[in-house]
Peer 1: 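Before anything else, here's the structure in question.
Note on naming: letters A, B, ... go to the chains in the order of the sequence lines (proteins, then strands), and numbering restarts at 1 for each one.
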Amino acid sequence: MKKDSFYVTTPIYYVNDKPHIGHAYTTMLADMLARSHRLLGHDTWFLTGTDEHGQKVQEAADKRGVPPQEHVDTMVKRFEELWERLEITHDDFIRTTETRHTKIVQEILQDLYDRGEIYQAEYDGLYDVRSETFITEKDLPEGFSAENLPDHVKVIQETNYFFKMSKYQEWLISYIEENPEFIQPDFRRNETLGFLRKDLSDLCISRPKSRLSWGIELPFDDEYVTYVWFDALVNYISAVGYRSDDEMFARRWPAQVQLIGKDILTTHTVYWPTMLKAMGVAMPQTIFAHGWWLSGKDKMSKSTGNVVNPLEYAERFGVDALRYFLVAEMSLGQDASFTEEVFIKRYNSDLANDLGNLTSRVLKMVHTHCDSKVPVASALPAEGTPEADLWNHVQTAVSEMSRQVENMRPDLGVAAVMTAIREANKYIGVRAPWKQAKDENLQPLYETLYVSMEALRVCAALLYPVMPAKMMALRTQIGAGVDEPNVDDLKVFGKLVEGASLEEGEGLFPRHQKPKAAPQPKPSKKAANVVTVEEIAIEDFFKAQLKTAKVLEAVAVEGADKLLTLQLDVGGEQRQIIAGIAKHYTPEQVIGKMIIIVTNLKPAVIRGVESRGMLLAASKGKKLTLVTVDAEDFPSGAKVG
RNA sequence: GGCGGUGUAGCUCAGUGGCAGAGCAGAGGAAUCAUAAUCCUUUUGUCGGGGGUUCAACUCCCUCCACCGCCA
């Protein structure tokens, strides 16, 4: 193991996606890890980038009427700009359309082909256009069959190229079992082993150009391009000199940490290791799958509109506060909840009350009583004094932070620093410098303030990887200089130069008020939801035609555990709708109810059954109740609004 | 349906075969340097239910319930 070298990667993001909190989180986390290792003096390399090939890019480019390359050149800027805004310090940004990447992908393919690791075979079966993957009948959505395919699945018969992934199955199982740190957290490791219990098939790594032309051409057959995942995964090594710069490759690879979201586990823990094995390249030390940010308790999704926009928080509270929240709030690996209420609570208690206020009270006294200069103090007092106790707490934070970064629990590292900061607040209470300031002998006051500033200095260095700009501002305010902190900063007492002049600075973390009832009266306090709800005009509302409807019949949709098919009477007209309420209502419970439906919704086929309309229901978390009509014997077909 | 996980204070979560914990929230008090911030004290627990092993179980075993993940 190369001890002092640290190479961290994020997935390369699909260039067509709109950057969201998930992208921001992974990248920010990698940045925090990279900055932490730089702080510890390790030879650090941080790679991120974009995945730019594939069907969706081609389609989007066609739609805009521009060549795919021009399209991705435009799209990639959104990621580059976001990383700049979020203070991301990647050392390299790789794009899969760059020659340095495509050339290596082709070399790898040729090599594997020459060595018989890739072979040609007939494929006869189903292909999912949307995910660009081959599927079996079992993979079809419920309600569909080989005779009744969804639009995005086609029957194809064609020749393709396959990578002999299956022959590495036994090896991979042993490798994962023998290297517990290879896949983390351990429950993801178990999942991968579970996946590997059934037979692994070979991986189709080609797509005929007739269907998809926007990709890397196979070097041994110009009728085909490379399957996107085979192309994309290679970025982790093509960017650090594989087959192009042996010295750099030896220095960087294997990566210490490859961060991924839990949604791309299999590609990274099955495809990627077997590819590396076939190439004869070493495995990365750790593939770490983190969880997702939830909006309250619900999954964020575009359709419900409860997506947190990282930039909005960066604007309102500052980039560093956002970075702090993301690191401090998520137990790495688990899912975590992102709400405005929790964000403000955490911001106020940790950043404003503890750290910000500590800085403010110390510096105010320094400016008032020490002529805006770093006070003159003696060496650190002996063990047993409050000063030594405080310094010990700070040193505990130092060791905890590096230990927890190593353990992939940066949230616990940050928590250790907050403990030290609370100790500093207690220390000030013990020494009561406002009383010391009234004594004739001001030396004790100077000692108190100096020790407090030293504690702040180290804590600022520890939190620098999380909040670079704010912690630099803090360091400047206490006279720690304008250079980035380094290892010396962490362990040595007395780095602040006595007598150095200090400038008064802005408050670091102004307190935020809890979200109050907005000036515009809102219908309800949806404190648990960070969605900003767009206001609509009355005519928008009336675009949806709502009517009462009586439930005549209800039956469960076969093969779907959430759906009921309802036959409704809407003012004499009979209508069929599919409703996702089977987990909350039995068919018997809904028959006879007078519900409210949207009648002019575009008809949809759900699980092979037509649905003409949508019913209204109130839901919160896992609870759900139908919206019904208050009056008994109210006629169906009545307009609602 | 198969495999795995989780269940601890109002909330988020630590934790260990030997006296149930932290942060936030709540209550009371001190202090007045500071961003209405800080500090001290403090309430609440069938440790998901039931059974078993043990001198001793929140911890180990069995079982049931609830929720979650992966696979099907």
Side-chain angles (χ1 to χ4, degrees), chain A residues 135-140 142 183 185-200 261-266 269-270 289-292 294 296-299 325 328-339 341-370 386 400 404 407 409 411-412 414-419 421-438 445 448-449 452-453 456 504-514 527-528 559 561 583 621-623:
Chain A
I135 62 173
T136 64
E137 205 173 321
K138 286 179 177 175
D139 298 322
L140 288 172
E142 291 182 64
I183 302 171
D186 53 0
F187 57 91
R188 299 294 174 207
R189 180 170 168 265
N190 286 342
E191 273 177 30
T192 305
L193 286 170
F195 179 84
L196 287 169
R197 269 201 287 273
K198 64 173 192 207
D199 283 346
L200 207 52
K262 63 182 185 181
D263 50 323
I264 50 176
L265 187 71
T266 306
T269 59
V270 178
H290 63 70
W292 281 335
L294 308 178
K297 301 210 170 195
D298 305 318
K299 190 173 162 181
F325 178 81
E329 195 68 19
M330 188 182 275
S331 277
L332 206 47
Q334 309 299 127
D335 289 349
S337 171
F338 194 127
T339 71
E341 189 188 2
V342 175
F343 187 101
I344 291 180
K345 207 181 253 182
R346 167 89 59 180
Y347 176 96
N348 279 343
S349 69
D350 289 5
L351 297 181
N353 297 356
D354 287 347
L355 177 55
N357 182 50
L358 172 66
T359 308
S360 172
R361 66 198 301 211
V362 169
L363 285 178
K364 193 67 172 254
M365 286 186 278
V366 170
H367 287 292
T368 310
H369 302 295
C370 310
E400 271 299 283
Q404 297 295 4
N407 284 347
R409 286 301 301 272
D411 55 315
L412 297 181
V414 164
V417 181
M418 290 317 300
T419 301
I421 287 166
R422 279 191 286 273
E423 288 299 328
N425 270 320
K426 289 180 197 173
Y427 165 76
I428 290 174
V430 169
R431 285 302 188 201
W434 52 93
K435 285 182 187 161
Q436 293 175 318
K438 288 170 186 162
L445 170 68
T448 302
L449 294 177
S452 303
M453 289 171 78
L456 272 174
E504 285 199 54
E506 297 277 306
L508 291 170
F509 302 105
R511 232 184 118 77
H512 280 274
Q513 291 308 310
K514 281 183 194 164
D561 51 3
K583 289 218 162 157
K622 298 201 157 40
K623 294 185 176 171

Peer 1: Without decimals, in angstroms, what is the distance between I344(A) CD1 and U35(B) P?
Peer 2: 21 Å
Peer 1: Quick one: pull up CG in D350(A) and CE in M418(A) and give me the separation to the nearest 0.5 Å.
Peer 2: 4.0 Å
Peer 1: Within this structure, what is the CE-to-P distance between M365(A) and A34(B), rounded to whole angstrom?
Peer 2: 8 Å
Peer 1: Where do V430(A) and P386(A) come nearest, in terms of heavy atoms and distance?
Peer 2: CG1-CG, 4.2 Å
Peer 1: Counting any heavy atom closer than 4.0 Å, what does R188(A) reach on the DNA or RNA strands: base, sugar-phosphate only, or nothing?
Peer 2: sugar-phosphate
Peer 1: Expressed in angstrom and rounded to an integer, what is the separation of M453(A) atom CE from A34(B) atom C1'?
Peer 2: 15 Å
Peer 1: What interatomic distance, in whole Å, is found between P of A56(B) and the corresponding atom of C65(B)?
Peer 2: 29 Å
Peer 1: Ignoring the backbone of E191(A), work out which of G69(B), C71(B), C24(B) is nearest its side chain.
Peer 2: G69(B)
Peer 1: What distance, rounded to whole Å, do you find between the two P atoms, one in G7(B) and one in G28(B)?
Peer 2: 34 Å
Peer 1: When the C1' atoms of U16(B) and A22(B) are compared, how many Å lie between them, rounded to an integer?
Peer 2: 15 Å
Peer 1: Whole angstrom is fine here: how far is it from CG in L351(A) over to C1' in A37(B)?
Peer 2: 14 Å
Peer 1: Hey, can you pull the donor-acceptor pairs under 3.5 Å for the side chains in residues 360-367 of chain A, sequence neighbours left out?
Peer 2:
from    : atom 1 : to      : atom 2 : distance (Å)
R361(A) : NH1    : N425(A) : OD1    : 2.8
H367(A) : ND1    : S372(A) : OG     : 2.7

Peer 1: In whole angstroms, how far is the P atom of A22(B) from the CG atom of D350(A)?
Peer 2: 17 Å
Peer 1: If I take atom CD1 from residue I421(A) and atom CG from residue L456(A), how far apart are they, to the nearest 0.5 angstrom?
Peer 2: 7.5 Å
Peer 1: The criterion is side-chain contact (heavy atoms from CB on, under 4.5 Å); which residues satisfy it with V342(A), sequence neighbours excluded?
Peer 2: F325(A), E329(A), T339(A)
Peer 1: Can you list the steps and then say if E191(A) with T266(A) is a side chain to side chain contact (heavy atoms under 4.5 Å, CB included)?
Peer 2: CA-CA 9 Å; E191(A) 273 177 30; T266(A) 306; over 6 Å; no
Peer 1: Would you kindly compare T192(A) and R409(A) by the position of their nearest RNA chain B nucleotide and give the one closer to the 5′ end?
Peer 2: R409(A)
Peer 1: Within a strict 4.5 Å, meaning less than it, do heavy atoms of the E400(A) and L412(A) side chains meet?
Peer 2: no
Peer 1: Counting C-beta onward and ignoring hydrogens, is there a side-chain heavy-atom pair between R188(A) and T269(A) closer than 4.5 Å?
Peer 2: no
Peer 1: What heavy-atom pair brings Y427(A) and T448(A) nearest, and what distance separates the two atoms?
Peer 2: OH-CA, 3.4 Å
Peer 1: Mind checking the C1' distance from G23(B) to C19(B)? Whole angstroms is fine.
Peer 2: 23 Å
Peer 1: Show the distances under 3.5 angstrom between N or O atoms of the protein and N or O atoms of nucleotides 7-9 of chain B.
Peer 2:
none

Peer 1: Any chance you could measure H290(A), atom NE2, to D263(A), atom CG, to the nearest 0.5 Å?
Peer 2: 8.0 Å
Peer 1: Find the distance K345(A):NZ to U12(B):C1' and express it as a whole number of Å.
Peer 2: 9 Å
Peer 1: Start at the 5' end of RNA chain B and walk down; is the nucleotide closest to I428(A) or to F195(A) reached first?
Peer 2: I428(A)
Peer 1: If we take the P atom in both C13(B) and G69(B), what is their distance in whole Å?
Peer 2: 15 Å
Peer 1: Could you spell out the base pairing of RNA chain B in dot-bracket, with Watson-Crick or G-U pairs whose two distances are under 3.5 Å, [ ] crossing and | to another strand?
Peer 2: (((((((..((((....[..)))).(((((.......))))).....(((((..]....)))))))))))).
Peer 1: How long is the straight-line distance from CZ of R346(A) back to CG of L351(A), given to the nearest 0.5 Å?
Peer 2: 9.0 Å
Peer 1: Can you check the L449(A) CG to A34(B) C1' distance for me, whole Å?
Peer 2: 12 Å
Peer 1: Could you tell me the separation between the CD atom of Q404(A) and the CG atom of D411(A), rounded to the nearest 0.5 Å?
Peer 2: 7.5 Å
Peer 1: So which nucleotide from U35(B), C33(B), C24(B) ends up closest to the side chain of S360(A)?
Peer 2: U35(B)
Peer 1: Each nucleotide N or O in nucleotides 38-41 of chain B that has a protein N or O under 3.5 Å away: list the pair and distance.
Peer 2:
from   : atom 1 : to      : atom 2 : distance (Å)
U38(B) : O2'    : R361(A) : NH1    : 3.2

Peer 1: Measure CG/D263(A) against C1'/G69(B) and give the value in whole Å, please.
Peer 2: 13 Å
Peer 1: Sticking with atom P, work out how far A66(B) lies from A27(B), rounded to a whole angstrom.
Peer 2: 37 Å
Peer 1: Are V417(A) and L355(A) close enough that some pair of their side-chain heavy atoms sits under 4.5 Å apart?
Peer 2: no
Peer 1: What pair of heavy atoms forms the shortest contact from V414(A) to A328(A), and how long is it?
Peer 2: CG1-CB, 4.1 Å
Peer 1: Taking the P atom of each, how far is G49(B) from A57(B), in whole Å?
Peer 2: 15 Å
Peer 1: Using the 3.5 Å cut-off, write out each protein N or O paired with an N or O of nucleotides 1-4 of chain B and the distance between them.
Peer 2:
from  : atom 1 : to      : atom 2 : distance (Å)
C3(B) : O2'    : R197(A) : NH2    : 3.0

Peer 1: For atom C1', what is the distance between G4(B) and G17(B), given to the nearest Å?
Peer 2: 25 Å
Peer 1: Looking at A289(A) and P185(A), what are the two nearest heavy atoms and their distance?
Peer 2: O-CD, 3.2 Å
Peer 1: To the nearest 0.5 Å, what is the distance between CZ (F509(A)) and OG1 (T359(A))?
Peer 2: 8.0 Å
Peer 1: Determine the contact category for K198(A): base if any of its heavy atoms lies under 4.0 Å from a base atom, sugar-phosphate if only primed atoms, P, OP1 or OP2 are that close, otherwise nothing.
Peer 2: sugar-phosphate
